[in-house]
Protein chains: 2
Amino acid sequence: MLTIGTLAKRTGTKVQTIRYYETIGLMPEPERTRGGQRRYGQAELDRLSFVRHGRQLGFSLEAIRELLVLADNPSQSCVDADSIAQRQLKQVEDRIARLQVLQLELKRMISDCTHHSVADCRVLEVLRDHSECLTDHDQIGA
Amino acid sequence: MLTIGTLAKRTGTKVQTIRYYETIGLMPEPERTRGGQRRYGQAELDRLSFVRHGRQLGFSLEAIRELLVLADNPSQSCVDADSIAQRQLKQVEDRIARLQVLQLELKRMISDCTHHSVADCRVLEVLRDHSECLTDHDQIGA
DNA sequence: CTTGAACCTCTAGTCACTGTAGGTCCTATC
DNA sequence: GATAGGACCTACAGTGACTAGAGGTTCAAG
């Protein structure tokens with residue numbers, strides 16, 4: 001029987017985050033001691049590892065919730081899990097592409113900056129003048 | 001004199017976002033009509049363009065706030081603006097690196113998945129089994 | 001003068017946590 | 001058995017950067 005602190009350490013999660021996962025129904029309500037403290041077993045450790053690993057791969061909690069349902073019903077087809085992962089891959093690739101554009105523009109900004117006065121600072125100039133911008137009106141997704 | 005809607009269109013911003021920027025002090029309180037509607041001039045258009053462009057480059061609103069102060073005081077050195085941009089570049093590069101690791105692992109997951117039952121789905125397996133993971137315990141920054 | 005699109009304020013919701021206050025429990029040591 | 005203190009508890013507020021909705025008002029064209 002593990003305390004919440006031990007579970008936290010074993011999975012690289014904060015204690016508050018585990019409680020948060022419980023309130024949103026991602027983790028089950030665990031057993032409690034007579035004094036009301038949470039006690040966890042192997043099943044919960046596995047489930048939390050799954051969740052954390054999914055988060056590390058950039059899956060949203062909603063996607064992880066879907067994947068957990070699939071994992072809990074091992075007789076169904078795995079096409080759903082595959083398509084969730086495909087979706088995730090696409091998102092990751094989009095983000096990389098956009099970040100690479102930013103990287104380029106930031107590098108250009110910085111290398112052109114001659115450290116003189118703000119009056120002729122490339123960094124501020126580029127921000128001021130839209131025409132120098134490589135990017136279009138897309139938003140940066142968090 | 002521009003209405004908030006026109007300003008929104010010209011800068012690719014939502015109306016609510018402009019009002020939000022006002023509440024957090026990033027945009028000034030503009031003139032109002034007798035009826036209480038906001039009216040903007042060129043200065044506000046420029047300022048908002050600067051903010052939006054900064055956001056597109058992935059700067060946080062706090063970083064943009066700093067940059068605006070610099071832009072408003074053109075006699076100072078531009079080293080500060082440069083170092084803010086450097087900081088941003090580093091963050092962007094870190095994010096790219098981490099995303100590329102994810103990309104690799106997701107690809108591996110997906111290509112190994114043979115679309116049979118969930119019982120032997122690689123996607124779920126990889127999530128279940130930490131030892132197959134390329135990444136360490138780092139968090140995904142939003 | 002009427003219509004209706006665009007504006008207004010205020011509040012709550014999003015995502016995925018994180019932090020704090022104020023109190024209780026568990027366990028090891030004396 | 002008493003005590004100390006670290007880990008636990010709940011409940012609530014805050015983060016960043018918006019977004020959405022309700023319910024009401026203003027503006028400009030016809």
Side-chain angles (χ1 to χ4, degrees), chain A residues 1-27 29-40 44 48 50-68 88 91 95 98 137-142, chain B residues 1-27 29-40 44 48 50-68 87-88 91 95 137-142:
Chain A
M1 286 292 115
L2 309 168
T3 63
I4 196 168
T6 311
L7 189 66
K9 257 176 221 150
R10 294 256 186 106
T11 57
T13 314
K14 298 219 167 167
V15 166
Q16 291 106 307
T17 304
I18 298 173
R19 290 199 278 248
Y20 167 69
Y21 286 164
E22 188 182 322
T23 66
I24 62 167
L26 208 62
M27 287 293 289
E29 291 185 21
E31 284 180 53
R32 301 266 189 159
T33 61
R34 243 180 278 174
Q37 297 195 356
R38 290 166 180 82
R39 289 295 180 272
Y40 296 93
E44 284 96 341
L48 185 54
F50 187 101
V51 172
R52 294 309 291 175
H53 198 168
R55 288 294 298 139
Q56 279 161 27
L57 285 168
F59 289 94
S60 70
L61 290 184
E62 261 336 284
I64 291 170
R65 208 189 285 273
E66 290 177 62
L67 289 168
L68 278 167
Q88 186 55 29
Q91 271 176 33
R95 274 201 249 168
R98 267 179 309 159
H137 260 190
D138 282 350
Q139 286 282 99
I140 293 306
Chain B
M1 286 292 113
L2 309 167
T3 64
I4 196 168
T6 311
L7 189 65
K9 256 175 221 152
R10 295 255 188 105
T11 57
T13 315
K14 299 220 168 165
V15 165
Q16 292 106 306
T17 305
I18 298 174
R19 290 199 278 249
Y20 166 70
Y21 286 165
E22 189 182 321
T23 65
I24 63 166
L26 208 61
M27 287 293 288
E29 291 186 20
E31 283 180 53
R32 301 267 189 157
T33 62
R34 243 180 277 171
Q37 297 195 359
R38 291 167 179 83
R39 287 299 179 270
Y40 297 94
E44 284 95 343
L48 184 55
F50 187 102
V51 171
R52 295 309 290 175
H53 198 168
R55 289 293 298 139
Q56 278 161 27
L57 286 168
F59 289 94
S60 69
L61 291 185
E62 262 335 284
I64 291 169
R65 209 188 284 275
E66 292 177 62
L67 289 168
L68 279 167
R87 213 201 297 152
Q88 185 54 29
Q91 270 175 35
R95 274 201 251 169
H137 259 195
D138 282 349
Q139 286 281 100
I140 293 303

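Fair warning: this is a prediction, and the values are worked out from it, not measured in the lab. Throughout, protein chains are lettered first and strands after them, A, B, ... in sequence-line order, and every chain is numbered starting at 1.
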For the side chain of [X], starting at C-beta, report the closest nucleotide among [options].
X	options	value
B:Tyr20	D:dC18, C:dC17, D:dC8	D:dC18
B:Arg55	C:dC8, C:dA16, D:dC18	D:dC18
B:Gln16	D:dC8, D:dA20, C:dC17	D:dA20

Check whether any side-chain N or O of [X] sits under 4.0 Å from OP1 or OP2 of [N], and answer yes or no.
X	N	result
A:Thr3	D:dC8	yes
B:Arg19	C:dC8	yes
B:Arg38	D:dT26	no
A:Lys14	C:dG19	yes
A:Tyr21	C:dA16	no
A:Ser60	C:dC15	no

Tell me: [atom1] of [X] to [atom2] of [N], nearest whole Å?
X	N	atom1	atom2	answer
B:Ile18	D:dT19	CD1	C1'	14 Å
B:Arg52	D:dA17	CZ	C1'	9 Å
B:Leu2	D:dC27	CG	C1'	16 Å
A:Leu7	D:dC9	CG	P	11 Å
B:Glu22	D:dA17	CD	C1'	16 Å
B:Phe59	D:dG16	CZ	P	17 Å
B:Arg65	D:dA17	CZ	P	10 Å
A:Glu29	D:dC9	CD	P	13 Å

Taking side chain as C-beta onward, heavy atoms only, is B:Tyr21 less than 4.5 Å from B:Ile64?
->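 No, their side chains stay 4.5 Å or more apart.
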Working for side-chain contact (heavy atoms from CB on, under 4.5 Å), residues B:Leu68 and B:Leu26 | CA-CA 9 Å; B:Leu68 279 167; B:Leu26 208 61; 4.2 Å; yes
Rounded to the nearest 0.5 Å, what's the gap from [atom1] on [X] to [atom2] on [Y]? Could you check?
X	Y	atom1	atom2	value
A:Glu29	A:Thr23	CD	OG1	10.5 Å
B:Glu44	B:Arg39	CD	CZ	12.5 Å
A:Gln16	A:Ile4	CD	CD1	9.0 Å
A:Glu31	A:Met1	CD	CE	5.0 Å

Which angle, to the nearest 10 degrees, lies between the helix axes at the two ends of the helix from C:dC1-D:dG30 to C:dC30-D:dG1, each defined by five pairs?
->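 The helix from C:dC1-D:dG30 to C:dC30-D:dG1 shows an end-to-end axis angle of 10°.
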Assess whether side-chain contact (heavy atoms from CB on, under 4.5 Å) is satisfied between A:Ile24 and A:Arg65, documenting all intermediate values.
-> CA-CA 10 Å; A:Ile24 62 167; A:Arg65 208 189 285 273; 4.2 Å; yes
Could you tell me which residues satisfy side-chain contact (heavy atoms from CB on, under 4.5 Å) with A:Arg32, sequence neighbours excluded, listed by chain and number?
->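 side-chain contact (heavy atoms from CB on, under 4.5 Å) check on A:Arg32 returns A:Glu22, A:Arg38.
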With B:Thr17, the side chain to side chain contact (heavy atoms under 4.5 Å, CB included) member among B:Arg52, B:Arg55, B:Met27 |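 Checked B:Arg52, B:Arg55, B:Met27 against B:Thr17; only one passes side chain to side chain contact (heavy atoms under 4.5 Å, CB included): B:Arg52.
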Quick one: which of A:Leu48, A:Thr6, A:Thr3, A:Leu7 gives a side chain to side chain contact (heavy atoms under 4.5 Å, CB included) with A:Tyr40?
->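 Answer after filtering A:Leu48, A:Thr6, A:Thr3, A:Leu7: A:Leu7.
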Please enumerate all protein N or O atoms sitting under 3.5 Å from an N or O of nucleotides 24-26 of chain C, with distances to 0.1 Å.
from: C:dC26; atom 1: OP1; to: A:Thr33; atom 2: OG1; distance (Å): 2.9
from: C:dC26; atom 1: OP1; to: A:Gly35; atom 2: N; distance (Å): 3.1

Under 4.0 angstrom, heavy atoms only, what part of the nucleic acid is B:Ile4 near: base, sugar-phosphate, or nothing?
->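 Since only primed, P, OP1 and OP2 atoms lie under 4.0 Å of B:Ile4, the category is sugar-phosphate.
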